[in-house]
A.B. asks: 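Below are the structure tokens for one structure; questions will follow.
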Amino acid sequence: MSENVVHLHKPTDPPPPDTAPTVLTVVPDAPPARPVPLWVRSGRAVKTAATHESTRATVRAAARHSLYTLNGGRIVARRAWDGRTGSRYERMIRAAEAAGNLEAAEEWEERLQRFRAARHHRRMDLLHSPADAAKGVAVGAGVSIGVLVALGVVMAINTGHVGDVITPLSATIDFIAMLIRIVQVVWGPVLSIGPFLALLALWSVGRKQQAAPNWALPANVRSDEGEPITPSIVVKALRDLGVPALRNAIKEMGDAGASMLGPIRIAGCGVEVDVTLPSGVSTNEVQGKRRKLAENLTRHEHEVFITIPQAARTVRLWVADSGALDEPIGPSPLVTDESMTADYAKGRAPWGQDLRGDAAALSLYQRHLLITGLSNQGKTVALRSLALWLALDKSVQFLMGDLKGVGDWAMFDGLATTLIQGPTDEHVIQVTEMVEGAVDEMNRRIQAPPGTVFPPLIVLVDEAQVAFMCPAKDDEKRPYGGSKANSRYFMAVRKIHNQGRAVNVLMWQGTQDPTNENLPKLVREGAHTRASLALGTESQARMALGDKAVDGGAAPNLLRPGLDRGTLVVASDGITIPAGQSSITVRTHYIDDDAAENITDRAKALRDGVTTLHAIKRKEEHDSLADIAAVIGDATRVRTKDVLARLATLNADAYGGWSFLDLKRALDDAGVEPYKSDGVMVVARDRVTRALANRDTDGSASADG
């Protein structure tokens, strides 16, 4: 129990003037602070020291200079080995064979033969060199002594002293003795300092070659630039991929794996090479290790693409030049060429560039279109650029619904027949009725005489996920959104997908973040051209492009959100795709709002003038059940086929497009089901009359708008 402290004025202190009597204040002691264990403090200190930037810099410096020396020795040893053997020539031969350059391989083979012949000649000369050297030394020594003696004779004659005959010889002997003494003095220190000088030389070689890992290099030297792609680098990257069967097969190959590689071809801003995998290695094992393969090639993951060509057990690698994919592509031809026009049937829309740097153009003729991707990745701009090109064909008509409603499609005002912009349920209702109107137009065209040519009608809905997820219902309790058989937007899109292509009524949709809820499967699979920008998961990629494209290497989920804005993966027969691939990656041109307005101004100049509707004019309300009773008349029962015909005659605008399903839905909602009589479906007058009476008694009214 803690003690209490009583605070009093000291007796020696004078009492404060005019104050109250002394008050006793009891203050409990604060609990003593719990001491931190020594081992905790020591651990924290060690952790702080270990993670300090100075410590890291010291470790990097120590590792860097140690590896400079070690790898410098490896470099010197390899140079010495290359100089004494034909390994350099053999490497060049393998590289030339791997690249398919047989002429270069033959040239290097000839150089190797000449090197071996010269080396053999030198070795044979070594067999006779000791005797020749001894003879040479003996002859040289004799000649030198004779010369010195002759010089001494000349000196003796000149001085008159006979002893000068040996003076040059003795001076030479003294000079040699002095050199020997100098070597004896210097030899000890040289033996001590020599190893340090050798290590310094190796360190210098390693430093000059930057022979250390990237993390250990100084910040001003460290580089993210990738190495040029060569056969040896590709084989090494595959060998180190972590696939045991592949690694063992490369080790067993006599050519060190070079036979796996096809020619390395320049392809746009990178290179391309086909790799034939050895037996026991499947293509999906390589596809699944894309990141590791890219890092082995000193590239980022987004700079390496793996596709599956037609050849069995083969993967096609496209490796970008380091940093090339981060560079923007040029402007669209729609912006630079003001004389450009479009041809819906025979032309192709200039959309962007493929990874090779070639122009990527898309045919829009009789193809439904779906573009999807995460938000703010360039979906609207990619979709709009296709519509801008097609607008330059004056025969094309547009029905447009922008369920984002921020003005991305405002430039089509005066160009599109209908333009609805806004994100609310009322806008979804308007867009749904617009699409249903396109279905009516499609049915009218289908019933036209054979051979009739119809102008293209593009029904475009941007942010279509808003329509699929709309909770609103009509007067007959049918939902506008959803993916059920009574969902109005879903069924209208499905009808256009099923029959619209034949009469040039096409459905274009742009949607975000595909899921089964906001992009039903039947709608996804109804599009002929499917394109996707960056996505989050592989399952979303399969929803966007289909299983075949993803299994063939399409991977929009590996695009970098924000960084790869405007880059999309396309699966379509309307664009040129390399043989054996199921998709192609396209970097689309960016057309801003001002440039888009200039293009639509040119498109409007080609037309006589289009009045754009911003809302759907709803049909006059009618009572479908009362109309059915009217066309039945006094008959006991009437065949459903005749009821449909009579309704169309009664009100062509309201019932001209009705099918048996529409009639059955109206009857079922009223509780009047058609039934079979003598093998045909009929509607009974008594049932319809009874339903009308019951409805009027309840005070309700059913109107079908």
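Along the sequence shown, residues carry numbers from 1.
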A.B. asks: Using only atom types and a distance under 3.5 Å, with no angle test, would you say the side chain of D551 pairs donor to acceptor with the backbone of K548?
C.D. replies: no
A.B. asks: Does D623 reach the main-chain N or O of A626 with its side chain, forming a donor-acceptor pair under 3.5 Å?
C.D. replies: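 Between the backbone of A626 and the side chain of D623 there is a qualifying donor-acceptor contact (under 3.5 Å).
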A.B. asks: Can a salt bridge be assigned to the pair E463 and K379 using a cut-off of 4.0 Å between side-chain N and carboxylate O?
C.D. replies: yes
A.B. asks: What distance separates I599 CD1 from L334 CG, expressed to the nearest 0.5 Å?
C.D. replies: 4.5 Å
A.B. asks: Using a 3.5 Å distance criterion without hydrogens, assess whether the side chain of T612 forms a donor-acceptor pair with backbone atoms of G414.
C.D. replies: yes
A.B. asks: Is the terminal nitrogen or CZ of R290 (NZ for Lys, CZ for Arg) located under 6.0 angstrom from the six-membered ring centre of F305 and within 45° of that ring's axis?
C.D. replies: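 Geometry flag: set, cation within 6.0 Å and 45°.
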A.B. asks: In terms of side-chain heavy atoms, does R542 have a donor or acceptor partner in N557 at a distance below 3.5 Å?
C.D. replies: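 There is no such pair between these side chains.
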A.B. asks: List for me each residue that meets side-chain contact (heavy atoms from CB on, under 4.5 Å) alongside T537, sequence neighbours excluded, and say none if there are none.
C.D. replies: S539, Q540
A.B. asks: For the residue pair Y675 and S677, establish whether any side-chain heavy-atom pair is separated by less than 4.5 Å.
C.D. replies: yes
A.B. asks: Taking only residues at least two apart or on different chains, which pairs with a member in residues 360-374 satisfy side-chain hydrogen bond (donor to acceptor under 3.5 Å, both in side chains)?
C.D. replies: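 Found S363-R367, Q366-N504, R367-D573.
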A.B. asks: Examine distances only and state if a side-chain atom of R530 and a backbone atom of A544 form a donor-acceptor pair shorter than 3.5 Å.
C.D. replies: yes
A.B. asks: For the CD atom of E433 and the CZ atom of R488, what is their distance to the nearest 0.5 Å?
C.D. replies: 5.5 Å
A.B. asks: Going by distance alone, is a donor N or O of one side chain under 3.5 Å from an acceptor N or O of the other, for W351 and S385?
C.D. replies: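 S385 and W351 do have a side-chain donor-acceptor pair below 3.5 Å.
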A.B. asks: Measure from the side-chain N and O atoms of D358 to the backbone N and O of D354, and report whether any donor-acceptor pair falls under 3.5 Å.
C.D. replies: no
A.B. asks: Applying salt bridge (Lys or Arg N to Asp or Glu O under 4.0 Å) as the test, list every pair that has at least one member in residues 601-615; sequence neighbours left out.
C.D. replies: none
A.B. asks: Mark yes or no for whether R384, through its side chain, and D408, through its backbone, hold a donor-acceptor pair below 3.5 Å.
C.D. replies: yes
A.B. asks: Under 3.5 Å, is there a donor-acceptor pair linking the side chains of D627 and Y655?
C.D. replies: yes
A.B. asks: Using the side chain to side chain contact (heavy atoms under 4.5 Å, CB included) definition, which of the options T515, L519, N518 pairs with Q465?
C.D. replies: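 For Q465, the side chain to side chain contact (heavy atoms under 4.5 Å, CB included) test succeeds with only one of T515, L519, N518, which is N518.
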A.B. asks: Please determine if D668 and R665 form a salt bridge, counting it only when a charged side-chain N lies under 4.0 Å from a carboxylate O.
C.D. replies: no
A.B. asks: Under a 4.0 Å N-O cut-off, is there an ion pair linking R637 with D686?
C.D. replies: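 Salt bridge absent between R637 and D686.
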